[in-house]
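Structure, as structure tokens:
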There are 2 protein chains.
Amino acid sequence: MGISERKEREKLDKKQLIRSAAMKMFLEDGYAKTSIRKIADAIEYSPGTIYLYYKDKDELLYDVQHDAFNQLLEAFKTKAKHKDPVKRLMQIGQTYVSFGLQNPELYDLMFIIRAPTNVDEELHKDNGEPTFDYLVDCLKECIDKDLLRMNDVQLCALQTWSVAHGLVSLDLRCRLKVMSADIDKSKVLNSAIESYVKLLIK
Amino acid sequence: MGISERKEREKLDKKQLIRSAAMKMFLEDGYAKTSIRKIADAIEYSPGTIYLYYKDKDELLYDVQHDAFNQLLEAFKTKAKHKDPVKRLMQIGQTYVSFGLQNPELYDLMFIIRAPTNVDEELHKDNGEPTFDYLVDCLKECIDKDLLRMNDVQLCALQTWSVAHGLVSLDLRCRLKVMSADIDKSKVLNSAIESYVKLLIK
DNA sequence: TTATTTTCTGAACACCATTCAGTATGTTTG
DNA sequence: CAAACATACTGAATGGTGTTCAGAAAATAA
């Protein structure tokens, strides 16, 4: 019978309704300031209903993160598709930094926020894995073609990701104030990631 | 008269009493889980009293951050004092990463946590400046002696700091799960920072 | 139509940061 | 010494938070 299938669909729809309302409010006001009550208000349900679809606020965050990682992956796919793997690597770096600067709240959700109940190890580790692999694949090609001054893919990926993430997250937490002021942030961050890639290539 | 001076002293003492109790609890339970009530309980005062010394919870955080930055600076001074600036740079990187891994909650306080009311631009920007300068000075010496493959001190400092911060903060947020498992974290992070410094030098 | 299952509600619970009228303590003045 | 004043402190109250759960409502099955 099709009823249970429709119900299944409706359940997913409602879950998405909650998720997209949550995402919107997370981006507008931040995760901390977005309460379950406010989300419930926005979608015109009672607070309790949200707990029928999500175990707790963290669980909701994880799902929103998943969407966010897909957004970043899409950005890579459209903006970092140069044939030359080294140039593609450069594009990946620039895309990453731009993404972070243009979507600060989203970036926060993905990488910086600590969900209160964050000790569960096994779950959610797949969040962001395909996105990370986009970088790994690119580096693998670079290294295979002997274009880099490093030869350990995993190590190189970690290092590259760290530069990019470091730049974005330091900026997002206003930790770049220690640097000389009156400079265009996005220019500096782009210079930094560019010169890093240049260090990396032979 | 010495009375007002004693009072001044007592005021500072109490402020430090609050601050050190707060720091201890922040490190044990994290910033979010440490409530003003609990701090007040620990020092056997009422919650209201804390607001006589600190405008709000953020203000307390900033003061604790200040102490924390001094701790990192001390670590630099004792563990990164090689005469050769390049070797010192390596020591700085390693010290930074070790510091982050060994004091995760402290690191969180310093760099990752977003204080709820965090829009005030001007204040607190001096927090951490001397510590950053320790890196800048080292890089300046490296560049003066023409030992690096970069020549913009500010840019280079930003990049180096980003690598180190990126490594630590990604690890602290369990974002390294996307990498192949069963590896010694601190080894990998140290390899990453070491190979970065090697990229940097001529 | 009635019984059963599913979905939803909203009050209640135990917390939180913060405020402020009132109390207690210490200091200065008459 | 006592009264006046200034300072330090209290703790209940305000308005928020995430989460739970008995009971109401709606949808489905019999």
Side-chain angles (χ1 to χ4, degrees), chain A residues 1-19 21-23 25-26 28-64 109 113-120, chain B residues 1-19 21-23 25-26 28-64 109 113-120:
Chain A
M1 49 185 73
I3 289 177
S4 65
E5 282 150 22
R6 171 177 57 79
K7 284 213 161 188
E8 201 62 33
R9 246 185 298 123
E10 284 176 352
K11 201 157 192 172
L12 286 180
D13 282 357
K14 195 147 289 169
K15 218 173 168 179
Q16 186 173 1
L17 177 72
I18 296 172
R19 187 166 62 251
M23 165 90 86
M25 300 178 77
F26 286 167
E28 274 168 14
D29 312 321
Y31 178 75
K33 285 186 183 170
T34 303
S35 69
I36 296 288
R37 277 173 179 77
K38 285 179 191 164
I39 298 171
D41 258 22
I43 58 173
E44 296 177 296
Y45 280 90
S46 88
T49 302
I50 289 175
Y51 287 86
L52 298 175
Y53 296 87
Y54 286 100
K55 185 173 129 278
D56 53 27
K57 203 184 168 188
D58 292 4
E59 207 64 35
L60 183 51
L61 173 64
Y62 293 134
D63 246 23
V64 170
L109 289 182
I113 279 178
R114 172 155 53 177
T117 328
N118 204 12
V119 200
D120 31 17
Chain B
M1 50 184 72
I3 288 177
S4 65
E5 282 150 22
R6 171 177 58 79
K7 286 214 162 186
E8 201 61 35
R9 246 186 298 125
E10 284 175 350
K11 201 156 191 172
L12 285 180
D13 283 356
K14 196 147 289 168
K15 218 172 167 179
Q16 185 170 2
L17 177 72
I18 296 171
R19 187 165 61 251
M23 163 91 85
M25 299 176 78
F26 286 167
E28 276 169 12
D29 312 320
Y31 178 75
K33 284 186 183 169
T34 303
S35 69
I36 296 286
R37 278 176 179 72
K38 287 178 190 164
I39 298 170
D41 258 23
I43 58 173
E44 295 177 298
Y45 280 90
S46 89
T49 302
I50 289 176
Y51 288 86
L52 298 175
Y53 296 88
Y54 286 100
K55 184 174 129 280
D56 52 27
K57 204 183 168 189
D58 292 4
E59 208 61 37
L60 183 51
L61 172 64
Y62 293 134
D63 246 23
V64 170
L109 289 182
I113 279 178
R114 172 154 53 175
T117 327
N118 206 12
V119 200
D120 32 17

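Just so you know, these numbers use all the heavy atoms, side chains as well, and skip hydrogens, waters and symmetry mates. Convention: sequence-line order gives letters A, B, ...; per-chain numbering from 1.
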Worksheet item: Where the side chain of A:K11 is defined as all heavy atoms beyond and including C-beta, which of C:dT7, C:dA17, D:dT19 is the nearest nucleotide?
Response: C:dT7

Practice prompt. For the residue pair A:Y54 and A:D63, confirm or rule out a side-chain donor-acceptor distance under 3.5 Å.
Written response: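 Yes, a side-chain donor-acceptor pair sits under 3.5 Å.
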
Worksheet entry | Close approaches to DNA chain D from residues 45-54 of chain B, in residue order (heavy atom, under 4.0 Å) | B:Y45, B:S46, B:G48, B:T49, B:L52, B:Y53

Going by side-chain contact (heavy atoms from CB on, under 4.5 Å), name the residues that satisfy it together with [X], two or more places apart in sequence or in a different chain.
X	value
A:R9	A:R6
A:D41	none
A:Y53	A:K11, A:K14, A:K15, A:I18, A:T49

Practice prompt. Runs of at least three consecutive Watson-Crick or G-U pairs, both distances under 3.5 Å, are what I'm after; which ones involve DNA chain D?
Written response: C:1-30 with D:1-30

[X] side-chain N/O to [N] phosphate OP1/OP2 under 4.0 Å:
X	N	result
B:K14	D:dC9	yes
A:K38	D:dT17	yes
B:K55	C:dT18	no

Dump the pairs, protein N or O against N or O of nucleotides 12-14 of chain C, anything under 3.5 Å, distances to one decimal.
none

Worksheet, complete the sentence: So CD1 of B:I39 and CZ of B:R37: to nearest 0.5 Å the spacing works out to 12.0 Å

